[in-house]
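A quick note: this is a predicted structure, and the numbers were derived from the prediction, not measured. Letters A, B, ... mirror the listed sequences (proteins, then strands); counts begin at 1.
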2 protein chains.
Amino acid sequence: MTTTWLAVPQDSPFGPHNLPYGVFTAPDQPGRRRIGVAIGGFVLDVGAAARAVGEPSVLLDADSLNPLLAAGRPIWTQVRASLTRWLGEESYRAAVSPCLLERGEVELHLPFEVADYVDFYASEHHASNLGRIFRPGSDPLTPNWKHLPIGYHGRAGTVVVSGTPVVRPHGQRKAPADPMPSFGPTRRLDIEAEVGFVVGAGSTLGSPVPLESFREHVFGVLLLNDWSARDIQAWEYVPLGPFLGKSFATSVSPWVVPLDALEHARVAPPARDVEPLPYLDDRDAEPWGLDLSLEVRLNGHPISRPPFAAMYWTAAQQLAHLTVNGASLRPGDLFASGTVSGPEVDSRGALIELTWNGENPVELPDGTTRTFLENGDEVTITATAPGPDGTRIGFGEVTGRIVP
Amino acid sequence: MTTTWLAVPQDSPFGPHNLPYGVFTAPDQPGRRRIGVAIGGFVLDVGAAARAVGEPSVLLDADSLNPLLAAGRPIWTQVRASLTRWLGEESYRAAVSPCLLERGEVELHLPFEVADYVDFYASEHHASNLGRIFRPGSDPLTPNWKHLPIGYHGRAGTVVVSGTPVVRPHGQRKAPADPMPSFGPTRRLDIEAEVGFVVGAGSTLGSPVPLESFREHVFGVLLLNDWSARDIQAWEYVPLGPFLGKSFATSVSPWVVPLDALEHARVAPPARDVEPLPYLDDRDAEPWGLDLSLEVRLNGHPISRPPFAAMYWTAAQQLAHLTVNGASLRPGDLFASGTVSGPEVDSRGALIELTWNGENPVELPDGTTRTFLENGDEVTITATAPGPDGTRIGFGEVTGRIVP
């Protein structure tokens, strides 16, 4: 069992088995971004720690995670082992202690520069719910859904870190009964609770990344809120897909949980009732279902607990699909799962499902109700996963408040 | 009239009114990327020229155009004036001459790092043709088409420079009559002849860029081939739009023609038969239709001459739409027009239209015919636009050969 000389409660989401990476600034040097690792209530300045112990690394002494992402799996393993040693062995205590900052005192930033951002649609419950809402009477899933993980490219430049205010977007809205579109602020601002995967090592144009190479390319995992303006999206999305209904903001949690911290969270994905084509067939491969328990809070009140283990398509399948046409990967590519929705009403990851397109408003403890988000509303998504020996691996949170 | 002490033929596409920017390496230093400007049969090493004339600029002494892009309109104007002076005034000749390289001796690279890549769908002829092919009997345009410039995000990481071989992508294909999808190389590999717009100055999240600010943000223009695997696209694209059918490669021409070089190419866009919403209403604004004449050659044989002036939506409208929801811009953002198709059969910018979904194959001089591209085929797109005093502004070419 991994231990630490630091005082970290056994039930801490940021115990010594987790060691998620982020980028922070501290009050003493507000302009200088540094890589940090969360441990208990602290952030370890890993560049400073490396220097203090005499193992300097330019990968750790950077202002974003991108150099570390580009370094690849063998280096990620080596760096994680170093961190575990520095925080675990008493002999490092004197050197490393001065490199710890109180977590509440630092400001967290977008941890890496996003290269390409892709969003999938991998929850059968979510896709079926939307099908039932928008195409009642027909098959809730499109014919391709169980043959391939449907995805699309989103806007990398508007991925923002948790805490960034979300400006209610303006755009064209047209209900089916309206004769013409009108312009104004969205009336149907929604969330999508998702899990994002951070690509580290890139790949070569023309060379697909097979299922079994997932671990060589994916560095870690974070939480993501794919804010969605349902009215803008509904009017624009035929035939080329979502655009302005999504591109105004995508929020991510500031801590990237290393894939290595999720070994105990791995589970078999749901049974597939359509035989996958060979490049997507993971029945004999190591399973990449992940037992993450998400929680969505609206103004502090839990409104949903989506189970990530229920996702039909795994991240390994998504990466294999994304590259099967020869598309290359770059360090900093981010791909997200799509809305995480479970089978129960209170495990759905978007308001459009939770309220069934506004028919059944969500009730809040203050007596108000919501169909979609109002100005001032704050949405927070958190998650944990099983760690070793009964511990939990925490993801921190992704939060955002709606401003006019 | 702008002149130069260099021997440049009057009919050169790269005369002194053009001065397009690119990034090159020369045989003497194959590892060192430098910014160049095309002039006649030469490339001016602009970083070296700046030093030679004693006006050093870190923006010109860079390995990509990104720092210059980020600098903004006033600097772009100043740099262009400097280049015109260096190449125009006899007094600079001795200092600048040694900084000229034969254009045939340099290797051209992707001129900037692409931030986000967006592809529009702005030709009414193209959209109508596809509607007639895929939805015979119904309205060829979707209801939203004349209300907004439809667009989607593409993959920035697979934008490649002209000359890069295009590997025929594999993927899932399923014709309507097939019971199940099959996996293999695309059988319907197509081109889309497009014009791309390079964003220089960025914008702030939450602040739309109105029509009249187009010139402040857009640095220049290039040619683009949006390679498309029609069978992969047809099976995947409902409901979230094109993904793997496009993401395997997008080729761009190596020379970015400055917006300033296109003043004489500006024309009024076609009459709009649906009144645009105010943020898209350019009827009282300066017109941003552009009279570019494209030519598409297949294995050296011209197969189409698409007229860019026929595009329904202008680049200024596209930029206004792209940002109206508050989405921010970054230096290096690239947005493309969508396939340029005119009203005539031989002015269509994609094989699917030229051959009417394969019904009318294109005949080549060697006696063979094409419905879609075969391995070994080479497609080249060129364009020119009117310059001052009867000159032509050339865009060079974007070319690519299909490999298995």
A.B. asks: Name the member of B/P239, B/P169, B/G326, B/G206 that forms the most heavy-atom pairs with chain A at distances under 4.5 Å.
C.D. replies: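 Heavy-atom pair counts peak at B/P239.
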A.B. asks: Quick check: under 4.5 Å, non-hydrogen atoms only, which of residues 118-135 of chain B neighbour chain A?
C.D. replies: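 Near chain A, by residue number: B/V118, B/F120, B/Y121.
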A.B. asks: So what's closer than 4.5 Å to chain A heavy atoms on B/L280: side chain, backbone, both or neither?
C.D. replies: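 Side chain of B/L280 only, per the 4.5 Å heavy-atom cut-off to chain A.
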A.B. asks: Measure distances from A/L277 to the heavy atoms of chain B and classify the residue's part below 4.5 Å as side chain, backbone, both or neither.
C.D. replies: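 Looking at A/L277, just its side chain touches chain B.
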A.B. asks: Among the options A/V324, A/L240, A/V166, A/L148, pick out the one with the most heavy-atom pairs lying under 4.5 Å from chain B.
C.D. replies: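 Winner by heavy-atom pair count: A/L240.
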A.B. asks: Determine the option with the most heavy-atom pairs under 4.5 angstrom with chain A, choosing from B/H321, B/H170, B/Q172, B/E113.
C.D. replies: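 With the most close heavy-atom pairs to chain A, the winner is B/Q172.
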A.B. asks: Determine the minimum heavy-atom distance between B/A327 and A/S247, stating which atoms define it.
C.D. replies: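 Closest approach of B/A327 to A/S247: CB-O, 3.7 Å.
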A.B. asks: Shortest non-hydrogen contact from B/V238 to A/N144?
C.D. replies: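 Looking at all heavy atoms of both residues, the closest pair is O-ND2, 3.0 Å.
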A.B. asks: Where on B/V160 is there a heavy atom nearer than 4.5 Å to chain A: the side chain, the backbone, both, or neither?
C.D. replies: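 Looking at B/V160, just its side chain touches chain A.
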A.B. asks: Please state whether the side chain, the backbone, both or neither of A/P143 comes within less than 4.5 Å of a heavy atom of chain B.
C.D. replies: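 Both backbone and side chain of A/P143 come within 4.5 Å of chain B.
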A.B. asks: If I measure from the heavy atoms of chain A, does B/T142 come under 4.5 Å with its side chain, its backbone, both, or neither?
C.D. replies: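 Looking at B/T142, just its side chain touches chain A.
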A.B. asks: I'd like to know which of B/W145, B/Y152, B/Y117 tops the heavy-atom pair count under 4.5 Å against chain A.
C.D. replies: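 Option with the top pair count is B/Y152.
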A.B. asks: What's the spacing between B/R330 CZ and A/T158 OG1 if we round to 0.5 Å?
C.D. replies: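 So the CZ of B/R330 and the OG1 of A/T158 are separated by 8.5 Å.
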A.B. asks: Could you tell me which of A/L244, A/L322, A/V114 has the largest number of non-hydrogen atom pairs under 4.5 Å with chain B?
C.D. replies: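 Winner by heavy-atom pair count: A/L244.
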A.B. asks: Could you give the distance from CZ (A/F243) to CD1 (B/I150), rounded to the nearest 0.5 Å?
C.D. replies: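 Reported value, rounded in 0.5 Å steps: 10.5 Å.
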A.B. asks: Which heavy atom of A/R155 sits nearest to which heavy atom of B/S328, and what is that distance?
C.D. replies: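 Distance-wise, the nearest heavy atoms are NH2-O, 3.0 Å.
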A.B. asks: Does any heavy atom of chain B fall under 4.5 Å from the side chain of A/I232, the backbone, both, or neither of them?
C.D. replies: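 Answer is neither: A/I232 stays 4.5 Å or more from chain B.
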A.B. asks: Please report the interatomic distance NZ(A/K246) to NE2(B/H153), rounded to the nearest 0.5 Å.
C.D. replies: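 Between A/K246 NZ and B/H153 NE2, I get 13.0 Å after rounding to 0.5 Å.
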A.B. asks: Tell me, with the steps shown, if B/V167 and A/L205 meet side chain to side chain contact (heavy atoms under 4.5 Å, CB included).
C.D. replies: CA-CA 9 Å; B/V167 179; A/L205 190 64; over 6 Å; no
